Amino acid sequence: SAAFFKALEGVDAIVDEVSAPDPTIYDFASFLSTYGLTKSSGLKFIKNKMVFRIDFTMGEAMQSLDWYESRIAKPEWALEGLARVMYEHTSMRAKYFRNVAK
């Protein structure tokens, strides 16, 4: 565990793909609890609130992630969605990614 968090010291942003029974209620507190972290952590992505998940776009069942359920791959949508949350480009498509830390 210590070696893992040591390796993450210089990481600017992280994508959390941990399975959540109900993705709609998974939030920053859930993330911190899952990984045994606190808001006061010295990790860069915690301090800068750059914790993303791939559950912004949900499937029809509301428990399925469009990230996995989409029939046709659209990598440009993923890139736009990531740019939107990383750089707060609101002109970009809101797709797949959400920032649980903000």
Side-chain angles (χ1 to χ4, degrees):
S1 169
F4 176 70
F5 290 118
K6 178 81 174 148
L8 293 177
E9 283 181 353
V11 173
D12 292 315
I14 194 164
V15 177
D16 172 26
E17 291 188 37
V18 72
S19 179
D22 184 354
T24 62
I25 62 171
Y26 192 94
D27 59 10
F28 191 48
S30 304
F31 168 79
L32 293 172
S33 174
T34 298
Y35 291 96
L37 296 168
T38 65
K39 287 183 187 178
S40 61
S41 170
L43 293 169
K44 196 173 180 180
F45 61 88
I46 298 288
K47 290 192 293 188
N48 296 335
K49 297 184 177 179
M50 299 293 276
V51 180
F52 311 132
R53 287 192 49 85
I54 56 170
D55 57 10
F56 179 78
T57 314
M58 302 294 288
E60 290 181 23
M62 290 306 295
Q63 296 297 323
S64 62
L65 306 182
D66 195 32
W67 178 264
Y68 298 115
E69 302 295 326
S70 295
R71 292 182 321 147
I72 301 170
K74 301 275 189 184
E76 67 276 14
W77 290 3
L79 184 59
E80 280 187 75
L82 186 57
R84 182 182 175 92
V85 296
M86 281 192 79
Y87 305 111
E88 298 180 355
H89 283 275
T90 55
S91 64
M92 299 290 219
R93 182 186 321 261
K95 191 75 173 171
Y96 304 121
F97 295 93
R98 71 181 175 103
N99 188 337
V100 296
K102 291 186 178 180

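Since this is a predicted model, take the numbers as computed values, not measurements. For the numbers below, each heavy atom of this structure counts, side chains included, while hydrogens, waters and symmetry mates do not.
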In terms of ring plane angle, is the pair Tyr87 and His89 parallel, tilted or perpendicular, where the classes change at 30° and 60°? perpendicular

Can you measure from CG (Leu43) to OH (Tyr35) and round to the nearest 0.5 angstrom? 12.5 Å

Do Leu32 and Val51 come close enough that some side-chain heavy atom pair is under 4.5 Å? no

Would you compute the distance between atom CE of Met92 and atom CG of Leu79 and round it to the nearest 0.5 angstrom? 6.5 Å

Rounding to 0.5 Å, atoms NZ (Lys95) and CD (Glu76) come to a distance of 10.5 Å

Parallel, tilted or perpendicular: which describes the rings of Tyr96 and Trp77, with under 30° parallel and over 60° perpendicular? tilted

Quick one: do Phe52 and Ile25 end up in the same hydrophobic cluster if we chain Ile, Leu, Val, Met, Phe, Trp and Tyr together by side-chain heavy atoms under 4.5 Å apart? no

Spell out, as yes or no, whether a donor-acceptor pair under 3.5 Å connects the side chain of Thr34 to the backbone of Ser30. yes

If hydrophobic clusters are built from ILVMFWY residues whose side chains come within less than 4.5 Å, do Met58 and Leu82 share one? yes

When you group the ILVMFWY residues by side-chain heavy-atom contacts below 4.5 Å and let the links chain together, are Val100 and Phe45 in the same group? yes

Which value, rounded to the nearest 0.5 Å, describes the distance between Trp67 atom CH2 and Phe97 atom CZ? 4.0 Å

Could you report the tightest heavy-atom contact between Ala13 and Met86, atom names first, then the distance? CB-CE, 4.2 Å

Minimum heavy-atom distance Lys47-Gly42, with the two atoms named: CE-O, 3.4 Å

Distance in Å, Lys44 NZ paired with Leu8 CG, rounded so as to fall on 0.5 Å steps: 12.5 Å

Under a 3.5 Å distance rule, please check whether Asn48 uses its side chain to pair with a backbone N or O of Asp12 as donor and acceptor. no

Applying side chain to side chain contact (heavy atoms under 4.5 Å, CB included), can you list everything that pairs with Glu88, at least two apart in sequence or on another chain? Lys102

Side-chain (Arg53) to main-chain (Val18) donor-acceptor, under 3.5 angstrom: yes

Do Phe28 and Ile46 have side chains that get closer than 4.5 Å, going by heavy atoms? yes

Stepwise side-chain contact (heavy atoms from CB on, under 4.5 Å) test for Phe31 and Leu37: CA-CA 8 Å; Phe31 168 79; Leu37 296 168; 4.1 Å; yes

For Met50 and Ala101, the nearest pair of non-hydrogen atoms, with its separation, is N-CB, 4.3 Å

How long is the gap from OG on Ser19 to OH on Tyr26, to the nearest 0.5 Å? 10.0 Å

